[in-house]
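In this chain, residues are counted from 1 in sequence order. Every heavy atom of this structure was used, including side-chain atoms; hydrogens, water molecules and symmetry mates were not. This structure is a prediction, so every number in the text was calculated from the model and none was measured.
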Amino acid sequence: MSDDPRSQELLTEALAGQRVCSRLMSPRDTQPSVDVIVEPTDVDGLGALLGELHMISPQVFVSCADQPSPLATA
């Protein structure tokens, strides 16, 4: 993900209304990486969210957890 202000705005807009448990920025090679843990309230909107994230960055990785994130309870 680019670290320009517009990319940051787009990420903020894409995550608006989502339950975000964590948003960490870390440098990886030459491009910064943003790790976001989202607990969607509306699973039907997950495809739209992924589409928005993919427009910000071509690399979007998704995983699923059966248990709530420990960050959610911290």
Those residues that, when tested against E52, pass side-chain hydrogen bond (donor to acceptor under 3.5 Å, both in side chains) (two or more places apart):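 Not a single residue meets the side-chain hydrogen bond (donor to acceptor under 3.5 Å, both in side chains) criterion with E52.
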
Atom pair CG/CG of L15 and L53 - distance to nearest 0.5 Å: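 One finds 6.0 Å between CG of L15 and CG of L53.
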
Atom pair CD (Q18) and CG (L46), whose distance is rounded to the nearest 0.5 Å: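 Separation between the atoms: 8.0 Å.
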
For the student: nearest non-hydrogen atoms of S7 and I56, plus distance: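 It is O-CG2, 4.2 Å.
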
Cluster check V60, M55: I/L/V/M/F/W/Y, side chain < 4.5 angstrom: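 Different clusters.
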
